[in-house]
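First comes the structure, then the notes that go with it.
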Number of protein chains: 4
Amino acid sequence: MTPDHPRDRIVNAAMDLFWRHGYGATSLSQIREAAGVQGGSLYHFFKSKEQLLEAVLDAYLEQMEAVLIQPIVERHDDPIERIFALLDGYRQLLAGAGTALGCPIGDLALESGAEPAAVGEKIAANFAAWRGWVRRWLEEAGARLPGDLDRDGLATLVLTVMEGGVMQARAHHSLVPFDASVAQLRDYINRLLAEAPPARRRTRMRRAQPRRG
Amino acid sequence: MTPDHPRDRIVNAAMDLFWRHGYGATSLSQIREAAGVQGGSLYHFFKSKEQLLEAVLDAYLEQMEAVLIQPIVERHDDPIERIFALLDGYRQLLAGAGTALGCPIGDLALESGAEPAAVGEKIAANFAAWRGWVRRWLEEAGARLPGDLDRDGLATLVLTVMEGGVMQARAHHSLVPFDASVAQLRDYINRLLAEAPPARRRTRMRRAQPRRG
Amino acid sequence: MTPDHPRDRIVNAAMDLFWRHGYGATSLSQIREAAGVQGGSLYHFFKSKEQLLEAVLDAYLEQMEAVLIQPIVERHDDPIERIFALLDGYRQLLAGAGTALGCPIGDLALESGAEPAAVGEKIAANFAAWRGWVRRWLEEAGARLPGDLDRDGLATLVLTVMEGGVMQARAHHSLVPFDASVAQLRDYINRLLAEAPPARRRTRMRRAQPRRG
Amino acid sequence: MTPDHPRDRIVNAAMDLFWRHGYGATSLSQIREAAGVQGGSLYHFFKSKEQLLEAVLDAYLEQMEAVLIQPIVERHDDPIERIFALLDGYRQLLAGAGTALGCPIGDLALESGAEPAAVGEKIAANFAAWRGWVRRWLEEAGARLPGDLDRDGLATLVLTVMEGGVMQARAHHSLVPFDASVAQLRDYINRLLAEAPPARRRTRMRRAQPRRG
DNA sequence: TATGAATGAGTCTTCATTCAT
DNA sequence: CATGAATGAAGACTCATTCAT
């Protein structure tokens, strides 16, 4: 509970180091040192390195809404813009880290190909939560998008752009591939919006109907 | 050169193991054993693990055209179909490996974020070559695609779909996210093709039947 | 005193685990868990692992008469038969444990060769008590055994058969060596009984029938 | 091959330390230090601590004949005396070590109750070899012993006396229980020898017959 | 070119024990 | 009495790399 509770310090240090160096390349000693705890204390909270990884993945999932989603929702009303704001938030993360780093979850997904079920499930849960928000926003866009659009599929593509974009950004040490991917996605979605019937009715219904009753 | 030259056996073993377990998680002993070479022989060909990684990346780049591109070019005339054939080839790779594995190059890209220049450049070169082929095919599609289309950007997106799709496939142990991403890409490109001024022969042939009804 | 007093639960758990895994291979955490006590509670009763061992040895000594000796005395009148009943009780212990385990005391004796005096003395006390009962029974056999027989020495041999037999039983995962050792001991004692001057009633009863024929 | 080959130095150091401190209580660092080898060199010869234990047990088995049996055979013609010479050799071993130590094999048997098959089998093999020599000598004693004597059972008892005697010797820090057990065994065997028909014929045949021919 | 022993830093993990609450 | 966090030394084992032959 306390902001500097050892357990939290450990998880935070692990989040940072796993992100920067990867799971396998981060030693528990490094985490211990970064967290400022000593000796075998780490094993009072996590009975193995893998359990610490699970805690890190839990933390990502818990923090997601507060840290990533909420600020976007507050700043943007248009659900479509929220999606691109999410991608842009990612871009800023990359820009800040000098493209040396990638997606924290994606990197862990890579390393845990053969990891036991628990870790794999938590990674999938993180991805699923992410995609869930995007899909929700796509659904909120209502009739502005074609009726037969596979909204879950498009949400998947958004996440794909994120992950594939960051991977190439890292490979080229440049944000250009990330930006290009997002630009193409924007073009695609613009075309979907353009094709949809003039969005008057649906939008009105959502905002005007209540007023009528 | 000889198919069982020790050097080649080492590189092949490393390609396989790096792909399956990752670079960091593969020990030189494992490679030695898989390659059937003994003792410090490995150091006669590669003076460090990292140099072996470079050789692996060189091998991927060398084999790319013969193994990946050529078969596709031979089987498909339509450049657009070649792009989806490339994605489908990838899909089969994943299906064969049980979605436990990812993109050999992409995984190395993620793992070697902080690796020295030589490795980074070779990874970038692999990605660039890949994207290069896709862009070439997009250019071959000529006027079937809108004139103001950012062909390099779209090629980047294709690679993004590949990498982002495979990452989610691994996280979910399912090909569904990969397929969904490709389907959305297909939809996007179809819209691009539809918008372009009616192309003559080629397009007709693909859409001739419906025209009859 | 209470059957579920924490201290007793700890000692009982330690008896069981020391017997099954040995003293060195049993961790205090395992004991804590098996006993259902938490945290450092263990140190309220025993200020070190070694003191717990002492308590275990005390418990064995205390329980010996009630658990091992009494039932035998009640079931067998003949002192010689009591000795073999003791050996047989041991055999049943081994049979139940699948010959994977040995003598609880003997094992601790072997493991604590260099242990401080307190432990050593308690182990010796256990052995001495054991041998004491056997010697008492041998003395009760009175004139049925040769007068110049070293009764204490024979009692030692009985214990030796027990310990040596169980050790071989464990090594071979078979009760055969134990049984063979006991059979030889029986043969030896039979010869001693045969040599002694014809005892009156007691011996007659046991051999009465054959004499008739 | 060389007397100071590292591998041999390691095995010798392990034999000594396992005997003095036990298997579990001996750390690989101690062995490394005692053997005078450095770093991970130990793992070039034995890929685990357990494999080193196996090598130790192999060494005991190999050295048995040369170190234990041969000197006895050379010094004693009478097979019965050879048996007691074996027991006496053991006694001297204990005397030299101040009764702080026990039977090297027996102690390892104790600790390896749950060890994998390989170790267990080698321990059993050592015991079997030991018992094998005693049984051979008992058979060589021919008609001096009763015809219906279970020679294998008696051999087992001899080993039992050894193991059980040393266990009590350690518990009491005294050779008295060992000596007492051996004395009783001697008494038993003397009685067996006395009972056998006057050993003239058989002995004559073995020693006299040739003279006749 | 090939071999296999040698190296030593570093990995995760467990342990008995202490101490503040 | 009881708790559970804290401690730090030590455990077995792995690794990339070097070197003498």
### Query
Contact class for B:S41 vs. all strands (heavy atom < 4.0 Å): base, sugar-phosphate, or nothing?
base
#### Entry: Rounded distance in Å - CD (C:Q38) to P (E:dT21)
20 Å
### Task
Take the protein atom NE2 of B:H44 and the nucleotide atom P of E:dT3, then report the distance between them rounded to whole Å.
9 Å
### Query
So B:L28 and B:Y43, side chain to side chain contact (heavy atoms under 4.5 Å, CB included) or not? Walk me through it.
CA-CA 10 Å; B:L28 290 183; B:Y43 282 88; 3.4 Å; yes
#### Entry: Plane angle bin for A:Y23 and A:F18 - parallel if under 30°, tilted between 30 and 60°, otherwise perpendicular
perpendicular
### Closest contact, heavy atoms only, B:G102 versus B:W19
O-NE1, 2.6 Å
### Task
Round to a whole Å and report the spacing from CG of D:L52 to C1' of F:dA12.
12 Å
### Task
Considering non-hydrogen atoms only, spot the tightest contact between A:M15 and A:A59 and give its length.
SD-CB, 4.0 Å
### Between E:dA9 (C1') and D:L28 (CG): distance, integer Å
17 Å
#### Entry: Protein-nucleotide distance (C:R7, atom CZ; F:dA2, atom C1'), rounded to Å
17 Å
### Query
Base, sugar-phosphate, or nothing for B:F45, non-hydrogen atoms under 4.0 angstrom?
sugar-phosphate
### Task
Taking the side chain as every heavy atom from C-beta outward, state whether C:K122 and C:L61 have any atom pair closer than 4.5 Å.
no
### Message
I want to confirm an ordering. Mapping B:K47 and A:P6 to their closest nucleotides on DNA chain F, which one lands closer to the 5' end?
### Response
A:P6
### Task
Scan A:D16, A:L52, A:V11 and name whichever one has a side-chain contact (heavy atoms from CB on, under 4.5 Å) with A:I31.
A:L52
### Task
Tell me which of B:G40 and A:G39 sits closer to the 5' end of DNA chain F, going by the nucleotide each one is nearest to.
A:G39
### Query
Which heavy atom in C:F127 sits nearest to a heavy atom in C:G106, and how many Å separate them?
CZ-CA, 3.9 Å
#### Entry: Interatomic distance, D:H5 NE2 vs E:dG4 P [rounded to whole Å]
12 Å
### Stem regions touching DNA chain E, defined by at least 3 consecutive Watson-Crick or wobble G-U pairs below 3.5 angstrom
E:2-21 with F:2-21
### Task
Would you indicate what C:Y43 reaches in the nucleic acid, counting non-hydrogen atoms under 4.0 angstrom: base, sugar-phosphate, or nothing?
base
#### Entry: Spacing of C:K49 atom NZ relative to E:dT18 atom P, expressed in whole Å
15 Å
### Closest-nucleotide 5' rank along DNA chain E - winner of D:V37 and C:S27
D:V37
### Task
Please report, rounded to the nearest Å, how far the P atom of F:dT14 is from the CG atom of D:L42.
12 Å
